[in-house]
Novice: 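Sharing a structure here in structure tokens format.
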Amino acid sequence: MATYVTFSQEKSVDFTAIGRLCIDLNANEINRPMEETMTFTKYVGGSPANITIGMSRLSRKTAFIGKIANDQMGRFIHSYLERNDIETSNVVTDHSGAVTGLAFTEIKSPSDCSILMYRDNVADLLLTAGEVSEELIARSKMLLISGTALAQSPSREAVFQALEYAKKHDTVIAFDLDYRPYTWTSKEETAVYYNLAAAQCDIILGTREEFDMMEVFEQNPEHSDQVTASKWFHHAAKIVVIKHGKDGSIAYTADDKSHRAKSFPAKVIKTFGAGDSYAAGFLHGIMHGWTLEQCMEFGSAAACIVISSHSCSDAMPSENQVLKYIEDCNNGLITAN
Ligand SMILES: Nc1ncnc2c1ncn2[C@@H]1O[C@H](COP(=O)(O)OP(=O)(O)OP(=O)(O)O)[C@@H](O)[C@H]1O
Ligand SMILES: O=C(O)C[C@@H](O)[C@H](O)C(=O)CO
């Protein structure tokens, strides 16, 4: 069996992510537009936070590098991380009066969902390079970076500093592209910073549309996944995963192979959170040394569990829940809506 990435086994933390810690307010009245939605349930959110919670539920030893507001929302996030066994030694508190980012989710139908973001003066984008702990990254087997943190200084520099420490200490780097247009000011700026970061990463995960956004200076008129993936093997990448929603995903590897796994049926409540749970499941499998097909299958099933649930973070499944979901699908017990 091919091993595409290897981890330093003497390190004490499996997985550390850097980026935003926010709040999701998910509409309770589903199948309705936001204009008619009256009540919401509060969860911890932010893509890298969701992935870290997912890894922790899968029994990985996890930590987070980020900045929270000095308010009730910030304290809610901090205590949720602690309750989920996520190390918070590098979660710093802002003292400038910045606020917690809010994501109000609109669930119009299982396939028509959107997110209304409140992200002015958010604490997560104020993390500085000097606040990133080299010591934590040195004892982490994997570092996950997430695109939104690259959108503004000083958080942009904090991510590049984290990449520098990860390279120095032989920490495997995963990049979830997590492209949220509202945080960025121009297509060129977005592509330049995404490309600079991706060039340093061992594993890159994104949707077709996210990779398209990175290709503004390139020729890929057919939007070919193979062309997209090949570019990164000239840099540091060993695995590039390109996701296609319910049509599944393809993992490309530096040995010129592509790997596919089936996706599973789901009784979908909302689509957001699919990518975060997929990432947690996939990376958990990679850390186990499973085949890429197994990693993708596990990620896809984890995604189905989250999209069949109301929340993203709180619904992240355990390993047994994912295995049971796969078994139930294989026995025809779960069908799509
Ligand atoms: N409707 C669906 N039914 C079954 N599986 C799905 C569905 N949507 C997504 N998935 C699974 O989740 C994976 C990731 O989904 P997707 O490509 O939508 O990521 P994403 O756009 O990053 O997600 P997000 O909406 O969280 O940003 C897919 O590869 C697939 O395995
Ligand atoms: O990433 C965000 O800021 C919002 C998420 O927490 C949200 O739940 C989502 O979009 C998941 O992909």
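The structure presented is a predicted model; accordingly, all values stated were derived computationally and were not measured. As a basis for the values below, the full set of heavy atoms in this structure was taken, side chains included, without hydrogen atoms, waters or symmetry mates.
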Novice: Can K67 and E131 be said to form a side chain to side chain contact (heavy atoms under 4.5 Å, CB included), step by step?
Specialist: CA-CA 9 Å; K67 188 170 254 188; E131 288 167 331; 3.2 Å; yes
Novice: Is it the case that S318 and N320 place a side-chain donor and acceptor less than 3.5 Å from each other?
Specialist: no
Novice: Begin from the C-alpha positions of I53 and V44 and carry the test side chain to side chain contact (heavy atoms under 4.5 Å, CB included) through to its verdict.
Specialist: CA-CA 9 Å; I53 292 160; V44 168; 4.0 Å; yes
Novice: Spell out, as yes or no, whether a donor-acceptor pair under 3.5 Å connects the side chain of N84 to the backbone of I86.
Specialist: no
Novice: Do K108 and E36 pass the salt bridge (Lys or Arg N to Asp or Glu O under 4.0 Å) test, and can you show the C-alpha distance, the side-chain angles, and the key distance before you say yes or no?
Specialist: CA-CA 10 Å; K108 282 199 204 164; E36 294 168 23; over 6 Å; no
Novice: Can a side-chain donor-acceptor contact be found between Y278 and S300 if the only test is distance below 3.5 angstrom?
Specialist: no
Novice: Quick one: does K243's side chain have a donor or acceptor within less than 3.5 Å of a partner on G245's backbone?
Specialist: no
Novice: Go through the side-chain N and O atoms of H310 and Y43 and say whether any donor and acceptor fall under 3.5 Å apart.
Specialist: yes
Novice: Side chains of T171 and K11: is there a donor and an acceptor less than 3.5 Å apart?
Specialist: yes
Novice: So, K238 side chain and A236 main chain: donor-acceptor pair closer than 3.5 Å or not?
Specialist: yes
Novice: Check the side chains of D276 and S47 for a donor-acceptor pair under 3.5 angstrom, ignoring hydrogens and angles.
Specialist: yes
Novice: Should L150 and L196 be marked as a side chain to side chain contact (heavy atoms under 4.5 Å, CB included) after you check the CA-CA gap, both sets of side-chain angles, and the distance that decides it?
Specialist: CA-CA 10 Å; L150 294 168; L196 278 173; over 6 Å; no
Novice: Would one find more than 12 heavy atoms of other residues, nucleotides or ligands at under 6.0 Å from atom NZ of K167?
Specialist: yes
Novice: Relative to each other, are the rings of W290 and F298 parallel, tilted or perpendicular (30° and 60° limits)?
Specialist: perpendicular
Novice: Do T207 and H244 pair up side chain to side chain, a donor and an acceptor below 3.5 Å, judged on atom types alone?
Specialist: no
Novice: When you check the side-chain N and O atoms of H288 and Q294, is any donor under 3.5 Å from an acceptor?
Specialist: no
Novice: Has D94 got a side-chain atom pairing as donor or acceptor with G97's backbone, closer than 3.5 angstrom?
Specialist: yes
Novice: Assess whether a salt bridge exists between D14 and K141, defined as any Lys/Arg side-chain N lying under 4.0 Å from an Asp/Glu carboxylate O.
Specialist: yes
Novice: Taking the six-membered ring for Trp and the full ring for Phe, Tyr or His, determine whether the centres of Y194 and W184 are under 6.0 Å apart.
Specialist: yes
Novice: Salt bridge or not for R75 and D71, using N-O below 4.0 Å?
Specialist: no
Novice: So, T105 and N26: side-chain donor and acceptor under 3.5 Å apart, yes or no?
Specialist: yes
Novice: Atom CD of residue position E222 - does it have more than 12 heavy atoms of other residues, nucleotides or ligands inside 6.0 Å?
Specialist: no
Novice: Should the pair R57-D314 be classified as a salt bridge under the 4.0 Å nitrogen-to-oxygen rule?
Specialist: yes
Novice: Return the OG1 to CG distance between T62 and L144, rounded to the nearest 0.5 Å.
Specialist: 12.0 Å
Novice: Compute whether any side-chain donor of one residue and acceptor of the other, for H284 and E319, lie under 3.5 angstrom apart.
Specialist: yes
Novice: To the nearest 0.5 angstrom, please state how far the CD1 atom of I269 sits from the SG atom of C113.
Specialist: 10.0 Å
Novice: Indicate whether the side chain of D178 and that of T148 have a donor and an acceptor atom separated by less than 3.5 Å.
Specialist: yes
Novice: Can you tell me if K267 and T335 form a side-chain donor-acceptor pair at under 3.5 Å?
Specialist: yes
Novice: Let me see the working for R32 and E106 under salt bridge (Lys or Arg N to Asp or Glu O under 4.0 Å), right down to the final yes or no.
Specialist: CA-CA 7 Å; R32 228 179 263 195; E106 177 182 56; over 6 Å; no
Novice: Is it the case that the side chains of T39 and N28 hold a donor-acceptor pair, with the cut-off being a distance below 3.5 Å and no angle test?
Specialist: yes
Novice: Is the cationic atom of R119 (NZ for Lys, CZ for Arg) positioned less than 6.0 Å from the six-membered ring centroid of Y182 and within 45 degrees of its normal?
Specialist: no
Novice: Between E87 and S89, do the side chains contain a donor N or O and an acceptor N or O under 3.5 Å apart?
Specialist: yes
Novice: Could you check D225 against Y252 for side chain to side chain contact (heavy atoms under 4.5 Å, CB included), going step by step and ending with a plain yes or no?
Specialist: CA-CA 9 Å; D225 288 350; Y252 292 88; 3.1 Å; yes
Novice: Does a side-chain N-to-carboxylate-O contact under 4.0 Å join E218 and K231?
Specialist: yes
Novice: Please check if atom OH in Y118 has more than 12 non-hydrogen atoms from other residues, nucleotides or ligands closer than 6.0 Å.
Specialist: no
Novice: Taking only Lys NZ, Arg NE, NH1 and NH2, and the carboxylate oxygens of Asp or Glu, determine whether E215 and R208 approach each other closer than 4.0 Å.
Specialist: yes
Novice: Looking at V91, is its backbone amide N or carbonyl O close enough to the side chain of T88 to form a donor-acceptor pair, meaning the two atoms are under 3.5 Å apart?
Specialist: no
Novice: Check this for me, if you would: do K168 and E164 make a salt bridge, where the nitrogen-to-carboxylate-oxygen distance has to be below 4.0 angstrom?
Specialist: no
Novice: Look at the rings of H235 and W232 and say which category their plane angle falls in: under 30° parallel, 30 to 60° tilted, over 60° perpendicular.
Specialist: tilted
Novice: Between E82 and S79, does any side-chain donor sit less than 3.5 Å from a side-chain acceptor?
Specialist: no
Novice: Taking S155 for the side chain and A149 for the main chain, is one N or O donor matched with an acceptor at less than 3.5 Å?
Specialist: yes
Novice: Please check if the number of heavy atoms outside Q321 that lie under 6.0 Å from its CD is greater than 12.
Specialist: yes
